[in-house]
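Remarks on the structure that follows.
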Amino acid sequence: MVQAKTNPFNITQAKDFSDEEILKFWVDLTGPNGNGGFDTIVKPRSVVPMLLLGGKGSGKTHLLRYYSFRSQAIRSSHDVLEGITQDGYIGIYVRMGGLNAQRFSGKGKADDYWARVFQYYLDLWLGQVLLNCIEEVCDSRPLPEETESALCAEVWELFTHTDGEVPSTLGGLCTYLSGLQKKLDRAVNDISSTRNIEVDVTANPGALIFGIPKVLAKWISNLEDCVFVYLLDELENITENQQKYVNTLIREKENPTTFKVGARLYGHRTYYTLSADEILVEGSEFEEVRLDDLLRNNEHYEHFAMRLIARRLIEHSYFPPEFEQSPELGDRLVKSFEGSDKEDLEEAERDRVVSKFAERDRPYFARLRSQLSDAIDGRISPGLDDPEHIVEVISQLACREEPLLEKLNTFLFYRAWKDGDNSLSAAARIHSKCSAFIESGERVSDYDGVLNHFKSDLLAQLRKDCGLKQRYRGLKMMISMSWGVPRSLLVLLKRTFDRALFRDEDPFKSTPISIKSQEDGVRRATDWFYADAKIKGRYGTLARESIGRLATLFRSIRFSDKPSECSLVAFSTDLSEVTEEAQQVIKLCCDYSLLVMVGERQDRNSERIDKIYQLNRMIAPRWELPIFKRGDIALDGQAVSVIFDHQAMAAHGGFDRFFDSRLAVMMAPHFGGRRPSLGQPDMFEGGGGDD
Amino acid sequence: MIDYGVFYKDPFSYGSGWEKARTYDLFISAFSDAERVRKVYEKVQAARKLWLIMPEFGYDRTDFPPGQCYANGRPSEAEFIQGMWEELNLPEIPDRIAVDITGFVRPYLMYLVLWLKLCGVRKFDALYSEPVVYSQRGKTKFSDELVEEVRQVPGFEGEHNVDTSKDFMIVGSGYDHHFIAHVADFKRSSRKIQLFGLPSLKADMYMENRLRANAAAEDIGDGSSDQTEHLFAPANDPFTVASVLQSTVKRLKSRYGLTNLYLSPLATKPQALGFAIYYIHECLRTPTSIIFPYCASYPRRTANGVTRIWRYGVELI
């Protein structure tokens, strides 16, 4: 019987991992020399609270679960208490989604009432989780009866009033807290039907959260110097008002307790606390880590990604365990994917272009021919006044066996044409440089530099013109596409692996993954990423439409006759000049990782600081855009508003109408005729420099 | 353990004179532009009939049909149903109640069933009419697709455990794959099981359903064979839905030790009714919730014509 192959990249979310798998698939962010690591980022033994923000799939949950008690218990299964002592902390992991906190609102009750109920509920919840952890610890290292009894009695004192007799065991204490929580659940749930709520709040805010750790540290000697770390994951699942309570806990925390709070970028809604108008201050009261930014800009990310992949393959028996530390790891994995990482026209592509257009004009020459013909009729091409001149120009630009150089020649010609040069002279000059470049292979002034600069776009145009697919393939390209988000990489590999299996390939074994499988996988992963940005409400539609318009603008420039910027996939702007609606939409696009803010730049002529936004690499292929940015385009407030604010767009007669004249400057034969009036120089000239 | 198989369900063709078989003291229907909803309302024989005008359909007073109508602003579905019941001002609980579930927004439907139980209603007839054709066939939209929030349905909020390590969610997967993705993401730590309508209402709808649900595959999670488990129950049979839920939950408890359970009926109204029936009979006061992706609005009409009427005898034991 043929055994179905399991895709080693099937699981893409940490929530699907068991506790054991959290450890099994853990890869630290260390360099080849073992430096760095997540310990230096998360700092589990530090009492300084931390806000860990990141987009979906950036690894927050895996990180927090790695530092949780469950993982500690597995790592130190021989003696959990000793393990905690050695670690110096105990990680109390809680998913905030488990509280189902949306129900603490409305139902005819005021906000401040629900705030009090929620505070009490959270205290009971965290108290239970902590005591459950300690109870488990004491299963293997039982406390003396009198110690346990005294401990319970002190916890009992944390309540303002109690019901029944004080429990003498941790189990009894857990049961008591659970009972209080369920009672509160019942009261809150019944209000829909009875409209009455009787909630008896039996502890002051924070009393249990801070008090129980102090009691435990006092009575259990191994925990005396231990930091109690509440690892609160999924903060986005509680409301803004509820988050204020968490912020208040962070501000007013008491040793030995601290908090590491995980939230999606869009999910952290406020820095305000319950004290009127006071906000949490980063630096002095908490640290903030933006995980996807951190990974994106980390020099070890590629190495980390390779080891992540290796770990999956090792666990699925593709490679032996020592493979992960092998110096050939990277090479071996890269070679598992067909094709070169190098950006160039492949031989098969070149042959296809040559043979397909053996008997006719290549599309870019056909277009140029038509444009030059119009130019002659309109007398707008210096030096051209006879159809024979068109033949001469094309002949000078042609380089049959090197279609990429033909594209370059055509681009240079358009540039010269726009600058008003004599067309025949320009064509001859270009021909000369091309010949010199081919003959010597050395640097040719104004020729190979342009080729290097615009190569990505010229290749894209050539492929589009000749009916070839855009190339998105190679492992390093996929790692780059993931851009600091491990889940994106896993989805890319998962989809690619599936396609390879469908084609009866033997990935990571006897055959490299074909280019076709890679391209299919990338396309599917791109579609998934785009659809996965589930922005609620009407802004979801607005954000998606805005991204579509922005990408269309980039695409139009990329495939124009004379693109103003190379590898264009980013724009810069002064947000203060943009409408509020557009600012809101841009922020949402960033919160949901459709856009990434990649930097700031001071305007050359003023003190103004422009922010630079790039389309997420994962969705760039959707519009045949480059993965890597070189320059960016400077857009004024009006242009940005037209893209991101549908009302501004309507006020300007629509997106196409607003940008058509501006794009026309890049299109032959007219190149816009005259410069557009925007109150500033042509917005498509002189954008940002390379990065 | 309740045997939902003994609950009555009877199909009638539209022109068969089905309405003559029973008369009711009270008939409640949710008003929409759907022809089948209006036709059933006209044909049903009841001493008192009531249209519910749900705010999500965006009707104003000039659109209201003839007959007694109940409308409210935009409170929660619980307040809407309670307000409706108060306005009925019934001197005593009617013996014979019928509810046409066809036009309801699902959370309202579920809360109504719970409310009837809380008011002491022991049984009622639920009517559901099947259309001739869906207005855009496989591309029919059943909502405006703008999810405003995902939350528990009032009255169906459980008493949950702090241990979330073995949480499960059973999703009644419908056509709106973005709904599936939203609820799956809302409870992303839970393991998902999908319940599909098979047999489906129309012959080709099952395949369409599977294809659309596949768009949410990444959110559902397919990391292991357990997580690719699918359940099936007829799309027009709430009692089989309830039975399937019952047997599945029993199996999950014995096999995994279920910590918390989330249910989300995103497909047909009979399916939603089945989820509500199961919950009311077996999940009150347990760590089980029904969650739902709430939209600001829904289309007033998704289908044309009426072929078959189902009558489900719901008993609220």
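Just so we're on the same page: letters track the sequence lines, and every chain starts at 1. The analysis underlying the following values was restricted to heavy atoms, covering all of them including side chains, and did not include hydrogens, waters or symmetry mates.
Rounded to the nearest 0.5 Å, atoms CG (Asp185(A)) and OG (Ser289(B)) are 8.5 Å apart. To the nearest 0.5 Å, atoms CZ (Arg188(B)) and NZ (Lys15(A)) are separated by 9.5 Å. Atom CD of Glu149(B) and atom OG1 of Thr239(A) lie 11.0 Å apart (nearest 0.5 Å). Taking CZ from Phe104(A) and CD from Glu157(B), the interatomic distance works out to 9.0 Å, rounded to the nearest 0.5 Å. One distance of note links CZ of Arg285(B) with NZ of Lys182(A); it measures 12.5 Å at 0.5 Å rounding.
The shortest side-chain heavy-atom distance between Glu234(A) and Ser189(B) falls under the 4.5 Å cut-off. Using a 4.5 Å heavy-atom cutoff, the side chains of Lys536(A) and His182(B) are in contact. Looking at heavy atoms from C-beta onward, Asn132(A) lies in side-chain contact with Val162(B) at the 4.5 angstrom threshold. When side chains are defined from C-beta on, Asp16(A) does not count as touching Lys192(B), because their heavy atoms never get closer than 4.5 Å.
For a residue to count as touching a neighbouring chain, one of its non-hydrogen atoms must lie under 4.5 Å from one of that chain's; by this rule Trp125(A) touches chain B with backbone and side chain alike. Only the side chain of Val491(A) comes within contact range of chain B, with heavy atoms under 4.5 Å apart. For Arg95(A), the part sitting under 4.5 Å from any heavy atom of chain B is the side chain, from C-beta outward, and nothing else. Heavy atoms closer than 4.5 Å to chain B are found nowhere in Arg524(A), neither backbone nor side chain. Looking at Asp19(A), neither its backbone nor its side chain comes within 4.5 Å of chain B, counting heavy atoms on both sides. There is no contact between Lys183(A) and chain B, counting heavy-atom distances below 4.5 Å. Residue Arg65(A): no heavy atom, backbone or side chain, is found under 4.5 Å from chain B.
Salt bridge Glu159(B)/Arg186(A): present, at least one basic N to carboxylate O contact under 4.0 Å.
Looking only at heavy-atom pairs under 4.5 Å with chain A, the residue among Arg151(B), His160(B), Glu77(B) that has the most is His160(B).
Across all non-hydrogen atoms, the minimal contact from Phe186(B) to Gln102(A) is CE1-NE2, 3.4 Å. Across Asp185(B) and Tyr266(A), no two heavy atoms sit closer than the pair OD2-OH, 4.2 Å.
Side chain to side chain, Asn100(A) and Lys187(B) meet the donor-acceptor criterion of an N or O pair below 3.5 Å.
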